[in-house]
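The structure appears below as structure tokens.
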Protein chains: 2
Amino acid sequence: MSEKQLRRSLAVLPMSTVIALTDLTARQIRYYETQELVHPKRNDGNRRRYSLNDVDRLLEIKDGLASGMDFATMRKLTAKKEAVAEKKKVSDTHARRVLEAEMQQLAGMRPAHPSLRQHL
Amino acid sequence: MSEKQLRRSLAVLPMSTVIALTDLTARQIRYYETQELVHPKRNDGNRRRYSLNDVDRLLEIKDGLASGMDFATMRKLTAKKEAVAEKKKVSDTHARRVLEAEMQQLAGMRPAHPSLRQHL
DNA sequence: CGATTCATGTCAGAAGTTCTTACATGTAAG
DNA sequence: CTTACATGTAAGAACTTCTGACATGAATCG
């Protein structure tokens, strides 16, 4: 996984932030989860934590609903997207190895850690 | 400001996430704020919200402390970095205008929105 | 040495946020 | 009209964060 993709898939955002970024209500966001359209992580205290990818998906859901699509259809679209992403991931093995080697170098070159900038 | 910079400067992360990303304690993070080394935003309920840039800075502070630097010195370094960023920002007026238009779109101003993917 | 400063730990009480569950409701479909 | 869907709302519990205060080990200073 590229650093960029890693950054986008980190589950770091609380509900309130997601509400602010999507203009959806908490009720809607949780309902879409029961419909298997998003899968936020949980922290130790059982609070949901969303990634930027999740926010993205929520915006797509919002669009889909606005244009009359139903949840079953969107579930399929989402599944397809994830399949494509998975394929890409597999075919990216080489690039990933190179990148991971570079990251290890960065992590090991200094006694203290490199700035997050290079990774997130 | 590029979209990337915008993404990095969005104040979206709660304290618990910052603790997880930096391995600092809440006490340390708040103390560095009293030392004017980070300036998180606040949400409506007065809770701190950090950006990725803030997380970055906190990691730099951690490095600095580990290598014996004092807060006064780090404040100066930070100030210099911000000055450089500001200069860049000013020269980026056009890109900024375009981006701000996109942000307004994201904020829900219009009927059809682009995926967040393109912006964050 | 004793006093002071620094960076951090810890605790307490208040306030904000999120969780789950349950019931309510408007609209579209049958 | 009845059902299903998508969302609103409320309540109580639990989690998280806030500020302020006091404690402490290490370093520095007089």
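All values below were derived from every heavy atom in this structure, side-chain atoms included, with hydrogens, water molecules and symmetry-related copies excluded. Protein chains get the first letters and strands the later ones, always in sequence-line order, with residue 1 at the start of each.
- In terms of modelled atom types and a separation under 3.5 Å, the side chain of A:Asp54 and the main chain of A:Ser51 share a donor-acceptor contact.
- Nucleotide D:dT17 holds its P atom 10 Å from the CD1 atom of B:Ile29, rounded to whole Å.
- Counting to the nearest Å, the P atom of D:dC5 and the CG atom of A:Leu37 are 14 Å from each other.
- Between the side chain of A:Arg47 and the backbone N or O of A:Gly45, at least one donor-acceptor pair lies under 3.5 Å.
- Under the ring-ring contact (aromatic ring centres under 6.0 Å, His included) criterion, the residue pairs touching residues 17-37 of chain B are B:Tyr31-B:Phe71, B:Tyr32-B:Phe71, with sequence neighbours excluded.
- B:Lys62 places no side-chain N or O within donor-acceptor distance of the main-chain N or O of B:Leu24, the cut-off being under 3.5 Å.
- Put simply, the residue from B:Arg48, B:Arg27, B:Lys41 that forms a salt bridge (Lys or Arg N to Asp or Glu O under 4.0 Å) with B:Glu33 is B:Arg48.
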Protein heavy-atom contacts under 4.0 Å, written 5' to 3' over nucleotides 4-19 of chain C as B (base), S (sugar-phosphate only) or - (none), form the string --SBBBB----BSSBS
